[in-house]
Amino acid sequence: MSGDMWRWTCIGLHLVFCTVGPSSAARQLPSHPKKSFLTFSSEAAEISFNHLVVDKRKGSIYLGAINWIYKLSGELGVEARHETGPDIDNPKCYPPKIVQPCNEPLVSTNNINKMLLIDYKENRLIACGSLYQGICKLLRLDDLFKLGEPFHNKEHYLSGVNESGSVYGVIVSYNNMDDKLFIATAVDGKPEYFPTISSRKLPKNSEAEGMFAYVFHDEFVASMIKIPSDTFTIIPDFDIYYIYGFSSGNFVYFLTLQPEMISPSGSTTKEQVYTSKLVRLCKEDTAFNSYVELPIGCEKNGVEYRLLQAAYLSKLLTIDDNFCGLDMNAPLGVSEMVRGLPIFTEAQDRMTSVIAYVYKNHSLAFVGTKSGKLKK
């Protein structure tokens with residue numbers, strides 16, 4: 001692989017994975033005196049937070065919440081806020097709302113934040129929500145002033161209405177041309193409308209007519225992947241849930257969780273299970289012919305860890321020869337799982353988020369759990 005080396009480690013694969021199957025007992029950690037920490041909470045109890053991004057240059061924190069976007073200082077003081085909802089809508093309506101009238105009853109509907117992404121080159125925040133089948137705002141990083149809100153064209157609707165449906169975006173930057181946004185989303189039963197992965201134009205002008213248009217689109221080929229309609233005859237509720245995305249070298253990667261039908265050993269019938277897969281695309285492939293996906297997971301002492309929960313891209317982790325790296329060039333669809341080695345497992349509390357870095361030659365990981373604990 002050219003460019004930056006990327007790696008994953010299995011911290012059950014719990015730097016990347018957790019499992020619903022059996023696992024080893026939880027590791028007992030030493031107790032420490034409780035410390036006080038800076039906190040931030042919204043004024044209204046009904047406002048819950050969905051996403052968080054940190055400006056790596058200034059340390060500012062951006063929070064995506066139901067109906068609000070917040071900008072916080074490094075000390076968690078509110079510096080700006082932007083209201084995104086509620087508004088009159090119905091999740092059964094198809095966009096665009098100004099062109100295609102909806103016959104469903106319209107009611108006051110919350111706007112659930114689906115994605116926050118910092119566009120450093122243009123000093124703006126891309127904030128996508130669930131209203132109107134998922135439109136995105138472009139907000140100025142300094143004060144959250146709205147720079148643009150494309151909604152006139154069909155391709156302006158990106159993120160879907162399903163609260164649990166995931167959205168991930170990766171920006172590919174250029175020196176002498178407009179950037180590109182690779183965006184991946186659960187389609188929520190609308191595969192004829194939403195591509196599950198696509199690459200979009202990201203012009204410098206936030207009000208440009210071509211904002212979020214497909215990088216390439218003609219009668220037969222476009223910069224997108226749609227879930228084939230015959231897939232739904234096999235798995236009616238099929239969807240792809242995107243857990244993480246990043247770029248490295250000449251490629252864009254997404255880590256996914258998706259259902260598939262398998263035949264258990266000794267059985268003549270098939271059953272639906274979920275499996276984790278890595279998706280790779282060439283950055284410059286406008287027709288998406290380079291799309292590759294392959295299953296990933298970890299195994300230790302006969303236990304498989306296959307259900308992806310969280311991931312984090314860490315460069316040059318200090319790890320031994322048991323590390324499972326990946327440098328692959330394979331055709332579309334690979335059945336053999338690429339296996340990693342679990343180095344930490346947790347039996348008592350499901351892991352939901354992770355971040356890692358190297359400090360003084362030590363690899364450190366911080367893991368968030370479903371019960372609200374932070375483990376180092």
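Side-chain atoms are counted along with the backbone in the values below, which use heavy atoms only and exclude waters and symmetry mates.
- Between Pro191 and Lys226 there is no side-chain heavy-atom pair separated by less than 4.5 Å.
- A donor-acceptor pair under 3.5 Å is absent between the side-chain atoms of Asn67 and the main chain of Asn110, judged by distance alone.
- Residues Tyr242 and Met115 are not in side-chain contact: their nearest non-hydrogen atoms beyond the backbone lie 4.5 Å or more apart.
- With hydrogens and angles ignored, the 3.5 Å screen pairs a side-chain donor or acceptor of Thr196 with a backbone N or O of Thr185.
- Here the closest heavy-atom approach between residue Leu374 and residue Gly368 is recorded as CD1-N, 4.4 Å.
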Walk me through it: do Asp285 and Tyr291 pass the test side chain to side chain donor-acceptor pair (under 3.5 Å)?
-> CA-CA 9 Å; Asp285 177 13; Tyr291 181 96; over 6 Å; no
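- Looking only at side-chain heavy atoms (C-beta outward), Pro86 and Thr109 stay at 4.5 Å or farther from each other.
- Under the 30°/60° scheme for interplanar angles, the aromatic rings of Tyr70 and Phe49 are found to stand perpendicular.
- The backbone N or O of Glu155 lies less than 3.5 Å from no partner atom in the side chain of Tyr214, so there is not a single donor-acceptor pair.
- Both the sub-6.0 Å distance and the 45° axial angle are satisfied by Lys56 relative to the ring of Tyr120.
- Panel note: side chain Thr369, backbone Asp349; no donor-acceptor pair is recorded below 3.5 Å.
- Under a 3.5 Å cut-off, the side chain of Asn301 and the backbone N or O of Val303 do not form any donor-acceptor pair.
- When hydrophobic clusters are built by joining Ile, Leu, Val, Met, Phe, Trp and Tyr residues whose side-chain heavy atoms come closer than 4.5 Å, directly or via intermediates, Ile183 is not grouped with Met224.
- Remark: of the listed residues Asn175, Asp179, Asp178, Leu202, Asp179 is the sole one forming a side-chain contact (heavy atoms from CB on, under 4.5 Å) with Lys121.
- Side-chain N or O atoms of Tyr157 include one that pairs as donor or acceptor with a backbone N or O of Phe151 at under 3.5 Å.
- Under the rule for a salt bridge (charged side-chain N to carboxylate O under 4.0 Å, His left out), Lys300 has no partner lying at least two apart in sequence or in another chain.
- Residues passing the side-chain contact (heavy atoms from CB on, under 4.5 Å) test with Thr233, sequence neighbours excluded: Asp230.
- Here the closest heavy-atom approach between residue Lys114 and residue Gly129 is recorded as CG-C, 3.8 Å.
- For the pair Leu257 and Ile243, the tightest heavy-atom approach, listed with the atom from each and the gap, is N-CG1, 4.4 Å.
- Ring pair Tyr274/Tyr241 is tilted by interplanar angle, where 30° to 60° counts as tilted.
- The shortest side-chain heavy-atom distance between Ile343 and Cys298 does not fall under the 4.5 Å cut-off.
- Side-chain atoms of Asn90 and Pro105, non-hydrogen and from C-beta on, do get closer than 4.5 Å to each other.
- A heavy-atom distance below 4.5 Å is not found between the side chains of Leu116 and Ile126.
- Sorted by first and then second residue, the pairs that involve residues 127-221 and meet disulfide bond (SG atoms under 2.5 Å apart), not counting sequence neighbours, are Cys128-Cys136.
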Hey, can you pull the donor-acceptor pairs under 3.5 Å for the side chains in residues 71-81, sequence neighbours left out?
from: Lys71; atom 1: NZ; to: Leu141; atom 2: O; distance (Å): 3.3
from: Lys71; atom 1: NZ; to: Asp142; atom 2: O; distance (Å): 2.9
from: Ser73; atom 1: OG; to: Glu75; atom 2: N; distance (Å): 3.2
from: Ser73; atom 1: OG; to: Leu76; atom 2: N; distance (Å): 3.4
from: Ser73; atom 1: OG; to: Gly77; atom 2: N; distance (Å): 3.0
from: Arg81; atom 1: NH1; to: Glu43; atom 2: OE2; distance (Å): 2.4

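- Using a distance-only test at 3.5 Å, with no hydrogens or angles considered, no donor-acceptor pair links the side chain of Asp119 to the main chain of Arg124.
- The ring pair (Phe, Tyr, Trp, His ring centres under 6.0 Å) search around Phe182 returns none, not counting sequence neighbours.
- Between the Asn113 side chain and the Ile66 main chain, no donor and acceptor come within less than 3.5 Å of each other.
- For Tyr193 (side chain) and Lys154 (main-chain N/O), a donor-acceptor pair under 3.5 Å exists by modelled atom type.
- Every side-chain contact (heavy atoms from CB on, under 4.5 Å) that Glu260 has, sequence neighbours left out, goes to Ile262, Val273, Thr275, Lys277.
- Side-chain atoms of Ser223 come within 3.5 Å of backbone atoms of Phe216 as a donor-acceptor pair (strictly under, hydrogens ignored).
- Ion pairing between Glu284 and Lys180 holds under the 4.0 Å rule for side-chain N and carboxylate O.
- Taking the charged nitrogens against the carboxylate oxygens, Arg306 and Glu304 do have a contact shorter than 4.0 Å, which makes a salt bridge.
- Heavy-atom contacts from other residues, nucleotides or ligands closer than 6.0 Å to CD of Gln272 number more than 12.
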